[in-house]
Engineer: 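Questions regarding the structure given below will be posed in turn.
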Amino acid sequence: MLYKAPLCLEAWDEALNEISKLSYEMILSPQNALALIKSIGDLPVLVVAGAEDALVPLKSSQVLASKLTNSRLIEISGCGHLPHEECPTTLVSALGSFSVKTH
């Protein structure tokens with residue numbers, strides 16, 4: 001998978017973290033974030049978080065889930081930022097149980 005090539009560079013994770021912080025601050029202001037959360041209303045939302053995610057701390061996912069009125073948080077232990085690659089079976093199971101409960 002070619003997109004993984006940058007992951008082999010020294011300090012790639014630090015650079016990605018800095019770019020992500022800057023992008024977030026420039027694109028999603030606190031006011032826009034609040035408006036976005038309110039626009040979701042009571043739609044069912046599944047928040048999936050890798051417990052060992054170095055890019056998005058677990059606490060951030062917990063805070064997001066707590067702000068959504070009809071959310072469920074799945075914390076996948078032993079998983080980082082890419083649960084679809086690192087823990088696909090666990091992710092598919094979480095998605096399946098969520099879709100059954102929302103229909």
Side-chain angles (χ1 to χ4, degrees):
M1 292 180 205
L2 190 55
Y3 74 92
K4 287 186 176 183
L7 304 181
C8 298
L9 299 174
E10 185 177 342
W12 70 268
D13 53 339
E14 294 171 31
L16 181 59
N17 191 30
E18 289 302 314
I19 290 169
S20 297
K21 285 193 300 187
L22 290 173
S23 297
Y24 173 80
E25 292 166 2
M26 294 174 69
I27 296 170
L28 193 61
S29 68
Q31 297 83 9
N32 288 345
L34 183 58
L36 181 61
I37 287 172
K38 286 184 178 182
S39 73
I40 293 171
D42 66 349
L43 288 173
V45 176
L46 178 64
V47 178
V48 178
E52 282 74 41
D53 190 337
L55 185 61
V56 179
L58 182 56
K59 182 69 178 167
S60 295
S61 297
Q62 292 167 335
V63 168
L64 173 63
S66 73
K67 291 182 180 187
L68 297 166
T69 58
N70 189 15
S71 69
R72 181 171 157 215
L73 174 65
I74 300 288
E75 299 173 12
I76 302 177
S77 63
C79 192
H81 189 69
L82 303 170
H84 58 285
E85 291 188 12
E86 299 170 44
C87 312
T89 304
T90 306
L91 176 62
V92 168
S93 176
L95 294 172
S97 68
F98 181 74
S99 64
V100 168
K101 291 181 180 181
T102 60
H103 282 88

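Computation of the quantities below employed the complete heavy-atom set of this structure, encompassing side-chain atoms and omitting hydrogens, waters and symmetry-equivalent molecules.
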Engineer: Hey, any chance Val47 and Leu43 share a hydrophobic cluster, counting ILVMFWY side chains that come within less than 4.5 Å of each other, even indirectly?
Structural biologist: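 Linked, Val47 and Leu43 end up in one cluster.
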Engineer: Drop me the distance from Thr90's OG1 to Leu95's CG, to the nearest 0.5 angstrom.
Structural biologist: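 Rounded to the nearest 0.5 Å, the OG1-CG separation comes out at 11.0 Å.
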Engineer: Ile37 versus Leu68: any side-chain heavy-atom pair under 4.5 Å?
Structural biologist: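 Yes, at least one pair of side-chain atoms sits under 4.5 Å.
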Engineer: Same cluster or not: Leu64 versus Leu58, using hydrophobic residues (I, L, V, M, F, W, Y) connected whenever any side-chain heavy atoms lie under 4.5 Å apart?
Structural biologist: no
Engineer: Under a 3.5 Å distance rule, please check whether Glu86 uses its side chain to pair with a backbone N or O of Gly80 as donor and acceptor.
Structural biologist: yes
Engineer: Taking all non-hydrogen atoms of both residues into account, name the closest pair between Pro83 and Leu91 and its distance.
Structural biologist: C-CD2, 4.0 Å
Engineer: Is the shortest heavy-atom distance from the side chain of Ser61 to the side chain of Leu73 under 4.5 Å?
Structural biologist: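 The answer is yes; the side chains approach within 4.5 Å.
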Engineer: Within this structure, what is the OG-CG distance for the pair Ser71 and Asp42, rounded to the nearest 0.5 Å?
Structural biologist: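 Interatomic distance, Ser71 OG to Asp42 CG, rounded to 0.5 Å: 11.5 Å.
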Engineer: For the atom pair OG (Ser60) and CG (Asp53), what is the distance rounded to the nearest 0.5 Å?
Structural biologist: 9.0 Å
Engineer: For the hydrophobic clusters of this structure (ILVMFWY residues joined by side-chain heavy atoms under 4.5 Å, transitively), does one cluster hold both Ile76 and Phe98?
Structural biologist: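 They do share one cluster, since a chain of ILVMFWY contacts under 4.5 Å joins Ile76 to Phe98.
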Engineer: Any side-chain to backbone donor/acceptor pair from Glu52 onto Gly78? Under 3.5 Å, distance only.
Structural biologist: yes
